[in-house]
Trainee: 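Dropping a structure here in structure tokens format, bear with me for questions.
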Amino acid sequence: MSIHIEAKPGEIADFVLLPGDPLRAKHIAENQFENAVCYNNVRGMLGYTGYYKGRRVSVQGTGMGLPSHMIYVNELIADYGVKTLIRVGTCGGIREDIKLRDIVMGLSASTDSAIIGRTFQGMTFAPTASFRLALKAYENAKAIGLTLKAGNILSSDLFYHDTENGDSYAIWRRYGTLAVEMESAGLYLLAASHNVEALSILTVSDHLLTGEHVSAEDRQSNFMHMSELALSLAV
Ligand code: HPA
């Protein structure tokens, strides 16, 4: 048992999917796992272990934002020995060539959060995905006919940006950043610190240039494709 996870030692697999929404974790466990068992309900942040194509896997909700996400990731790695962590989430498109429902893989995750600068005493660090997982995701996506857009993403501390000083995404767009979400830089930072493997796979649920967003049903089915791809990395 850790501070935020009530699982007993051995109840969590070494491969874990990480949706922000705990109900998404429940949905993945109930629809894509066999023999799913719930191991965590502390703060309603549901976690399950089960099997996918014979491989033991877990799924753990993390909440939104780097601080919440990093609490769960830290405990999964340090207290439960997790070795592979795949974030499955949503993101906002910030470029014209990134469309609603696209699947984006974060090869790197820049951030406006103070967490990196604080860890590196003011110097910068480039939070980077596992190349092995990124390559496998790219190959598996191709094999199942999913188009994956890969590149830098922005992990922001803010969902609602103040627009007083203009478009806060403009500088990120100019430097080729594909999309914005709120967790991956923290995930990649912790993975580097503990020498484990991590990758973020995201579907574009809204667009910051056009203001469009996907419907709830659309979100669900897009999410299933993405979690199927994420689970394919376990086998
Ligand atoms: N901003 C930040 N995180 C997000 C967004 C967004 O627009 N959409 C989905 N996650």
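Side chains are part of it too, since the values below use all heavy atoms of this structure and drop only hydrogens, waters and symmetry mates. Atoms within a ligand are numbered from 1 in the order they appear, just like the ligands themselves.
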Trainee: Of all the heavy-atom pairs spanning H207 and R95, show the shortest one and how long it is.
Mentor: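 The answer is NE2-O, 2.9 Å.
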Trainee: List, by chain and then residue number, the residues other than M182 in its hydrophobic cluster (Ile/Leu/Val/Met/Phe/Trp/Tyr, side-chain heavy atoms under 4.5 Å); write none if there are no others.
Mentor: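 Listed partners: F159, Y160.
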Trainee: Going by the rule side chain to side chain donor-acceptor pair (under 3.5 Å), which residues pair with E181 if we only count those two or more places apart in sequence or in a different chain?
Mentor: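 E181 satisfies side chain to side chain donor-acceptor pair (under 3.5 Å) with R87, S155, S184 once adjacent residues are dropped.
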Trainee: Would you say the ring centers of Y169 and H161 fall short of 6.0 Å from each other?
Mentor: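 Ring centroids of Y169 and H161 are less than 6.0 Å from each other.
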Trainee: Y138: which residues meet the ring-ring contact (aromatic ring centres under 6.0 Å, His included) condition with it, sequence neighbours left out?
Mentor: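 Listed in chain order: nothing, the list is empty.
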Trainee: Identify whether NZ of Lys or CZ of Arg in R24 sits under 6.0 Å from the centre of the six-membered ring of F223 and within 45° of that ring's axis.
Mentor: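 Yes, a cation-pi geometry.
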Trainee: What residues come within 4.0 Å of ligand 1, counting heavy atoms only?
Mentor: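 Residues near ligand 1: T90, C91, G92, F159, V180, E181, M182, S205, D206, L208.
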